Peer 1: 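Got a structure for you, questions after.
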Amino acid sequence: MRRREFLTLGSILAMGKLGRAGSVPRQSASPAAGASSIRFRDIGAEAGLTTVPNFSPEKRYVIETTGGGIALFDCDNDGRLDIAVTNDTTIERYLAGGDRMITLYRQGADRRFKDITESAGLSARGWGMGLAVGDYDNDGLPDLYVTGYGRNVLYHNLGGGKFEDVTDRAGVAGGGFSLAAAWADYDRDGHLDLFVSRYVPYDIHHLPRLWTGSAGGRALPVEGPVKRGETYFLFHNRGDGTFEEVAQKAGVSNPRRRRGMGAVWGDYDNDGWPDLYVNNDVGPSFLFHNNRDGTFTDVGMLSGTALDSDGQAMGNMAADFGDFDRDGNLDLTVTRWSGQAMALYHNEKQGFFLDIASSARIAEPSFYPVKWGGGFADFDNDGWLDILVANGNVSPLVDPFLKRSPYREPLLFFHYEGDLTYRDISSLTGLNAGPLQSRRGTAFGDIFNTGRVGAAVYNLCGPPSLFVNETRDAGHCVLFRLVGAKSNRAAIGARVTVHTPKMIQMDEVRGGGSYASSNDQRLHFGLGGDAVMSRVEIRWPSGLKETLTAMPADAIYEITEGKGITNKTPLQGL
């Protein structure tokens, strides 16, 4: 049995090795050269993502190790994706007032980004952790929710790249050690609600006594094992700019105090109502089924998604929903701690999932890295979902002891090969061509409207990476920007099904995911060799269903609820 409590730096160094005897898997064979033409290049620095946050280099305390998230979204509705990233700080600086909790980069027409944080009014100071994008007041402008230690912040988008802190007025300050946040209209009343996971009780004003962990004959002062977890928040949108905290009433408050990490909404049982999956660290995860009456029931154990395939609780980090085998049902992938393989939960229907990570060939390559943000996307437009994962251990202090799981680790990339299997082509994609980093959150999106999905990645102790997708021989594709009318304006929770002569695909608009991050909310579908979509079906959160026919590929379609196509923009190419 694999050891499950690799949680803190102290517990790592105390053991001085990964796993118990007999738990280390055999190494995967390297893929043959030329197995994939998918290519990425990190253009973060040259594109202007250069702001360096304040940080603690040694990272001896838990709060210093969790890092943060990143978001790809169009902050000013000019058709170009902008980037928001949370900011680290130090214990000393936090006690003196903290640093700006996020940095906002605006994309210009020249494909370069400019730091507009100050002019945008994003002035709240503290310790930033996560980001969630959602239009909570249905004014057509994406708003930002920032989680952090001590206090969370809701920024209302005023237009023109300007924001206003409305946290106190809205009643969503929360508190504690908040990590992930995700928007969804769980009661389908047309107004976005907000879920927030929290990690552990933590008093930065009275830090725990440093415990001396030892390994390899050396001693090092680090924080000891963490305490039990903290409760969650669920903020119900009243529709007047204010929220009511209803987690306990709704049945998602986490009374057993599991350590909350990632959170993602998705309709896994196809009943038209958003369900909620919450990762917990060193404890069973939750799958909260929507009861359609404002309450939820945890079916994590019954569904098979609470534990690993051996029935053990894991150090879970983040999750993502996606129909990777195109059978019309949302599957689930989960990132985990070192010495624990990723999960790939295949949706078997009837409310049950089966972890097929081993047979799908992602378990062995993912065993050693400390896995954080990641998820599904079709990076070569072949019509199948690939998987990209960001990795990194908690502190550079582990390097003398953990050679297989260092502080700075390569990214993982799994290409879908068909027949429910993936291939590890991480070394062929260019993702690891530059200096390695210790990474956390990821956000996927078509960064320059080229029809290729790229990735923005949070780097601990430095500016983010921006991996532009330079794949040349990718297939046809399409992007959908959905605008709700009776449904919430951002159309979060809407489901699109695309039919072509060769395939049927499905996805949903989400308001948060990965590790404390937010993807581009435009839905992207790779179409392979199909240049025309025979039929596109949209199921809006309001319940309205619409069908469009004979739509050419290689464009960005804006579709407004009840009105059909309201705008069409050709893709720009590489």
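Quick caveat, the model's predicted, so the values are computed rather than measured.
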Peer 1: Apply the test side chain to side chain contact (heavy atoms under 4.5 Å, CB included) to residues Thr103 and Asp115: give CA-CA distance (whole Å), side-chain angles for both, the deciding distance (0.1 Å), then the verdict.
Peer 2: CA-CA 7 Å; Thr103 296; Asp115 183 346; 3.7 Å; yes
Peer 1: Just checking, Arg361 and Tyr422: is the charged tip under 6.0 Å from the six-membered ring centre and within 45° of the axis?
Peer 2: no
Peer 1: Flag the pair Arg495 and Glu508 as a salt bridge only when some basic side-chain nitrogen lies within less than 4.0 angstrom of an acidic carboxylate oxygen.
Peer 2: yes
Peer 1: Show your reasoning for whether side chain to side chain contact (heavy atoms under 4.5 Å, CB included) applies to Val483 and Arg489.
Peer 2: CA-CA 5 Å; Val483 180; Arg489 184 73 176 269; 3.4 Å; yes
Peer 1: What I want to check is whether the side chains of Asn347 and Tyr268 have a donor and an acceptor closer together than 3.5 Å.
Peer 2: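 Absent: no donor and acceptor within the cut-off.
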Peer 1: Closest approach of Val453 and Phe40, non-hydrogen atoms and distance?
Peer 2: O-CE2, 3.8 Å
Peer 1: Tell me whether Arg106 is salt-bridged to Asp76, with the criterion being a basic N under 4.0 Å from an acidic carboxylate O.
Peer 2: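 Salt bridge between Arg106 and Asp76, a charged N being under 4.0 Å from a carboxylate O: yes.
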Peer 1: Do Asp380 and Thr471 meet the criterion of a side-chain donor-acceptor pair at a distance under 3.5 Å?
Peer 2: no
Peer 1: Can you tell me if Arg522 uses its side chain to pair, donor with acceptor, with the backbone of Phe73 under 3.5 Å?
Peer 2: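 The answer is no, because no donor-acceptor pair under 3.5 Å joins these two groups.
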Peer 1: Testing the basics here: between Met261 and Ser197, what is the closest heavy-atom pair and its distance to 0.1 Å?
Peer 2: O-OG, 2.7 Å
Peer 1: Less than 4.0 Å between a side-chain N and a carboxylate O, is that true for Arg535 and Glu537?
Peer 2: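 Answer for the salt bridge query: yes.
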Peer 1: Please answer whether the main-chain N or O of Leu385 pairs with a side-chain N or O of Arg326 as donor and acceptor at a distance below 3.5 Å.
Peer 2: no
Peer 1: Applying side chain to side chain donor-acceptor pair (under 3.5 Å), name anything that partners Asn391, two or more places apart in sequence or on another chain.
Peer 2: none
Peer 1: How close do Asp355 and Leu344 get, heavy atom to heavy atom, and via which atoms?
Peer 2: OD1-N, 3.1 Å
Peer 1: Would you find a donor on one side and an acceptor on the other, under 3.5 Å apart, between the side chain of Gln340 and the backbone of Gly315?
Peer 2: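 Yes.
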Peer 1: For Ser514, enumerate each residue passing the side chain to side chain donor-acceptor pair (under 3.5 Å) test, keeping only those at least two apart in sequence or located in another chain.
Peer 2: Thr442
Peer 1: Phe195 and Leu276: which non-hydrogen atoms are nearest, and at how many Å?
Peer 2: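 Reported closest heavy-atom pair: CD1-CD2, 3.6 Å.
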Peer 1: Which distance, rounded to the nearest 0.5 Å, do you find between the CG of Asp320 and the CD1 of Ile387?
Peer 2: 9.0 Å
Peer 1: Does NZ or CZ of Arg510 come closer than 6.0 Å to the centre of the six-membered ring of Trp265, within 45° of the ring's axis?
Peer 2: no
Peer 1: Could you tell me which non-hydrogen atom of Leu330 sits nearest to which non-hydrogen atom of Phe353, and how far apart they are?
Peer 2: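 Shortest heavy-atom contact: O-CE2, 3.5 Å.
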Peer 1: Does Lys371 use its side chain to pair, donor to acceptor, with the backbone of Ala390 at less than 3.5 Å?
Peer 2: no
Peer 1: Under 3.5 Å, is there a donor-acceptor pair between the Asp325 and His346 side chains?
Peer 2: yes
Peer 1: Taking Thr147 for its side chain and Gly130 for its backbone only, find out whether a donor-acceptor pair lies under 3.5 Å.
Peer 2: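 Indeed, once roles are kept as given, a pair shorter than 3.5 Å links the two residues.
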Peer 1: May I have all residue pairs that pass ring-ring contact (aromatic ring centres under 6.0 Å, His included) and include part of residues 424-475, sequence neighbours excluded?
Peer 2: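 Every pair satisfying ring-ring contact (aromatic ring centres under 6.0 Å, His included) with a residue in residues 424-475: Phe379-Phe444.
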Peer 1: With a 3.5 Å distance limit and no angle check, can you tell me whether Thr333 reaches the backbone of Ala343 through a side-chain donor-acceptor pair?
Peer 2: yes
Peer 1: State, with a plain yes or no, whether a side-chain heavy atom of Ile70 is found less than 4.5 Å away from one of Val457.
Peer 2: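 The answer is no; the side chains never approach within 4.5 Å.
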Peer 1: Is Arg41 salt-bridged to Glu46, cutoff N-O under 4.0 Å?
Peer 2: yes
Peer 1: Regarding His524 and Asp507, do their side chains bring together a donor and an acceptor under 3.5 Å, going by distance alone?
Peer 2: no
Peer 1: Under the 3.5 angstrom rule, does the side chain of Ser338 hit a backbone N or O of Tyr368 as a donor-acceptor pair?
Peer 2: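 Side chain of Ser338 to backbone of Tyr368, a donor-acceptor pair under 3.5 Å: yes, one is there.
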Peer 1: Are Leu428 and Phe413 close enough, and set up right, to give a side chain to side chain contact (heavy atoms under 4.5 Å, CB included), and what steps lead you there?
Peer 2: CA-CA 9 Å; Leu428 303 178; Phe413 189 95; over 6 Å; no
Peer 1: For Asp110, does the CG atom sit with more than 12 other heavy atoms under 6.0 Å from it, leaving out its own atoms?
Peer 2: yes
Peer 1: Which heavy-atom pair separates Leu192 from Asp135 by the least distance, and what is that distance?
Peer 2: CD1-N, 3.6 Å
Peer 1: Sub-3.5 Å donor-acceptor pair from the side chain of Asn87 to the main-chain atoms of Gly128, do we have one?
Peer 2: no
Peer 1: Looking only at side chains, do Ser465 and Arg439 share a donor and an acceptor under 3.5 Å apart?
Peer 2: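 A donor-acceptor contact under 3.5 Å links the two side chains.
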Peer 1: Among side-chain atoms of Tyr416 and Thr421, is any donor-acceptor pair under 3.5 angstrom?
Peer 2: no
Peer 1: Looking at Thr335, Thr66, Asn279, which one forms a side-chain contact (heavy atoms from CB on, under 4.5 Å) with Tyr515?
Peer 2: Thr66
Peer 1: Answer yes or no: is there an ion pair linking Arg539 with Glu546, defined by an N-O contact shorter than 4.0 Å?
Peer 2: no
Peer 1: When you measure from the side chain of Asp82 to the backbone N and O of Gln107, does any donor-acceptor pair fall under 3.5 Å?
Peer 2: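 Yes; judged by distance alone, with no hydrogens or angles, the pair exists.
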Peer 1: Between the side chains of Asn270 and Asn329, is a donor N or O closer than 3.5 angstrom to an acceptor N or O?
Peer 2: yes
Peer 1: Between Asp78 (side chain) and Arg80 (backbone), is there a donor-acceptor pair under 3.5 Å?
Peer 2: yes
Peer 1: So if I apply the side-chain contact (heavy atoms from CB on, under 4.5 Å) rule between Ser303 and each of Asp275, Leu287, Leu332, which one comes out positive?
Peer 2: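 Between Ser303 and the candidates, side-chain contact (heavy atoms from CB on, under 4.5 Å) is satisfied uniquely by Leu287.
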Peer 1: Compute whether any side-chain donor of one residue and acceptor of the other, for Thr566 and Glu558, lie under 3.5 angstrom apart.
Peer 2: yes
Peer 1: Mind checking whether Val278 and Ser285 have side chains closer than 4.5 Å, heavy atoms only?
Peer 2: no
Peer 1: With no hydrogens and no angle check, just 3.5 Å: does a side-chain donor-acceptor pair link Gln572 and Thr450?
Peer 2: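 Gln572 vs Thr450: no donor-acceptor pair found between side chains.
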